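Only heavy atoms go into these numbers, but all of them, side chains included; no hydrogens, no water, no symmetry mates. From a predicted model like this one, the values you see are computed outputs, not experimental measurements. The first residue of the sequence shown is numbered 1, and numbering continues consecutively from there.
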Amino acid sequence: MFDAATYVARRKELTERVGSGLVVLLGHDECPMNYADNVYPFRQDSTFLYYVGLDDPGLAVTLDLDSGAQVLYGDDPDPDAVVWTGPQPSLHNRAQQTGMKEVAGSDALQATVQKALRAGRPVRFVPPYRARTLLRLADLLGAEPAQVASRACPRLIGAVVAQRSIKSTEEITHIEQAVEITARMQTAAMQQARPGRVEREIAGHIEGIALACGGRLAFPTIFSVRGEVLHNPFYGNTLGPGQMAVHDCGAESPEHYTGDITRTIPIGGRFDPRQRDVYTLVLETQQAALAAVRPGVEFRAIHRLACEHLAEGLKAMGLMKGDTQEAVAAGAHALFMPCGLGHMLGLDVHDMEALGEDYVGYTDAIRRSGQFGLRSLRLARALEPGFVITVEPGVYFIPALIDRWRAEGRWTDFIHYDRLESWRDFGGIRIEDDVLVTETGGRLLGPPIPKALSDVEALASG
Ligand SMILES: [Mn+2]
């Protein structure tokens, strides 16, 4: 974790932003996998990590914004547990690490919350996404579980989003460390993705790199020759010559900051002419989008620019037709890119998504579109210095979507359905990098990761 001063300053800023009431920050408990004592690897809640930093289960914090009291709740280790866990720090030691003085047993939290409620004071918490946290909040509030989510505090959510959106220099260092590990994973996959190997062999090797570098995966790796399935968790295909593997992976740094990088790898080491055309289009689109990153520009405008770039290229390939701007305004290009151009990145790979995507990526003035494709854009609002974002255009040929749109007669003015028949088994291509918004533009984070067509071919052909 960072120095205590970092967490003290973050909590002070939160206090000033929110103003009054009792803030309750719940850390995570262990989460059983198949029986109580066999648990998933522990992952702390990211908002708790941000304000408290303590990476252990069973902790909570209250910030009394009126009195200034800050209390860490938890339990000192059971002396007998030392057999299983080895020596563990006391609650007091933990409090010192995060710059807090006052501690209390876990049981005391209920009384603190109930006292605030009885006094009619606002009890502020962020939306729970784990069942255990939801039930704990229900218990603390004396509410039905179904009522808890609606009592999450928009003012607290807004303050947390405002703070976590702007990455400090020390956070950027950790994100770059995560991207550096992720770069090794990408390079290794390019070297190992040979005809005859099975996807899981590559996925397993990549996961090992994350672990060996002191972190874990930030999300389940996508490594698939079925790249048109956007979040494909299946690793059972054998790599065949002439196929492409979409590889979207990210490591966490030891401090839980994440990387999120995608490359598309030609199996056998050479893209065929059609693959080259689409790869070049996606890469040029990404470069155009990256060049447009600067403070004050709405990310939805960069998304639109990227979509127009793709549609223009698809027209040149004979797959789309008509006026490019009209086609994109109508959403016809979403047949090929049905998702958003990118998202924020930080302690979460989709940073702060648990707080509510519309709080993170939208504002009162910039509302989410209901249009297919555009409605999946996670980030729309204007960029600010200190934002860390992904830029990840792609082109996908999704047979089920092509068939449905064709049957519905959708956008026949903009799409050459007949010509798409020979592209049904093409798969997909995505290229993704992580970018810091600076005062004047954007800076790619981490080391250069091969993406020029000839560099990727060179690595993939050994
Ligand atoms: Mn991403």
Side-chain angles (χ1 to χ4, degrees), residues 186 189-190 193-197 199 202 222-230 232 237-248 262-289 306-322 324 327-328 332-339 341 373 391-406 411-412 414-432 450-462:
Q186 285 289 349
M190 287 179 202
R194 296 282 185 270
R197 301 201 71 185
E199 290 164 346
I202 316 300
I222 296 163
F223 183 89
S224 180
V225 293
R226 299 286 309 280
E228 79 282 8
V229 180
L230 295 190
N232 194 338
N237 297 304
T238 299
L239 307 179
Q243 291 182 313
M244 296 179 292
V246 169
H247 178 209
D248 185 342
T262 305
R263 292 291 184 266
T264 302
I265 306 168
I267 306 302
R270 295 283 289 176
F271 289 104
D272 71 27
R274 277 196 329 188
Q275 292 168 344
R276 292 178 80 90
D277 286 348
V278 179
Y279 190 95
T280 302
L281 173 61
V282 173
L283 183 55
E284 286 175 358
T285 300
Q286 197 215 24
Q287 280 157 345
C307 292
E308 289 176 357
H309 205 280
L310 288 177
E312 198 64 37
L314 290 164
K315 260 168 67 177
M317 280 177 221
L319 299 178
M320 290 188 72
K321 57 187 173 178
T324 300
V328 170
H333 68 288
L335 182 62
F336 305 97
M337 183 170 153
C339 54
L341 181 68
V391 176
E392 48 179 309
V395 169
Y396 310 95
F397 293 82
I398 305 168
L401 193 61
I402 294 169
D403 290 344
R404 182 150 61 85
W405 280 29
R406 186 173 199 174
W411 308 133
T412 49
F414 298 124
I415 295 166
H416 277 296
Y417 285 103
D418 286 338
R419 295 179 188 170
L420 276 175
E421 283 306 306
S422 64
W423 291 75
R424 294 175 67 87
D425 62 352
F426 183 89
I429 292 177
R430 171 163 73 255
I431 302 172
E432 174 179 29
K451 70 178 169 181
L453 201 136
S454 56
D455 291 346
V456 172
E457 286 190 334
L459 265 177
S461 59

Hey, does [Y] have a side-chain heavy atom less than 4.5 Å from the side chain of [X]?
X    : Y    : result
I431 : P393 : no
I415 : W405 : yes
L230 : C339 : yes
L281 : M317 : yes
I267 : P195 : yes
F414 : H333 : no
R270 : R276 : yes
L420 : Y417 : yes

Are any side-chain N or O atoms of [X] and backbone N or O atoms of [Y], one a donor and one an acceptor, separated by less than 3.5 Å?
X    : Y    : value
E308 : V328 : no
Q286 : V391 : yes
Q186 : H247 : yes
E457 : F271 : yes
K315 : G322 : yes
R419 : G318 : yes
R197 : I202 : no

Given the rule in the salt bridge (charged side-chain N to carboxylate O under 4.0 Å, His left out) test, do R226 and E228 qualify, once you have shown the distances and angles that lead to the verdict?
-> CA-CA 5 Å; R226 299 286 309 280; E228 79 282 8; 2.7 Å; yes

[X] and [Y]: which non-hydrogen atoms are nearest, and at how many Å?
X    : Y    : value
R194 : S461 : NH2-C, 4.0 Å
A332 : W411 : CA-CD1, 3.5 Å
A334 : G373 : CB-CA, 4.1 Å
A193 : I265 : CB-CG2, 4.2 Å
P450 : L459 : CG-CD1, 3.4 Å
S224 : N232 : OG-ND2, 3.1 Å

Using the ring of each side chain (for Trp, its six-membered ring), is F397 parallel, tilted or perpendicular to W423, with breaks at 30° and 60°?
->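 F397 vs W423 ring planes: parallel.
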
Between atom [atom1] of [X] and atom [atom2] of [Y], what is the distance when rounded to the nearest 0.5 Å?
X    : Y    : atom1 : atom2 : value
K451 : E432 : NZ    : CD    : 10.5 Å
T285 : M337 : OG1   : CE    : 9.0 Å
I429 : T264 : CD1   : OG1   : 6.0 Å
E199 : I222 : CD    : CD1   : 11.5 Å
M190 : R263 : CE    : CZ    : 6.0 Å
M320 : F336 : CE    : CZ    : 6.0 Å

Going by an N to O cut-off under 4.0 Å, is there a salt bridge joining R424 and D403?
->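 Judged by the 4.0 Å cut-off on N to carboxylate O distance, R424 and D403 do form a salt bridge.
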
For T280, all residues meeting side chain to side chain contact (heavy atoms under 4.5 Å, CB included), sequence neighbours excluded =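 Counting only residues at least two positions away or on another chain, T280 forms a side chain to side chain contact (heavy atoms under 4.5 Å, CB included) with E284, L453.
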
State which residues pass side chain to side chain contact (heavy atoms under 4.5 Å, CB included) with R404; sequence neighbours excluded, sorted by chain then number.
->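 Partners of R404 under the side chain to side chain contact (heavy atoms under 4.5 Å, CB included) test: L401, E408, R410.
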
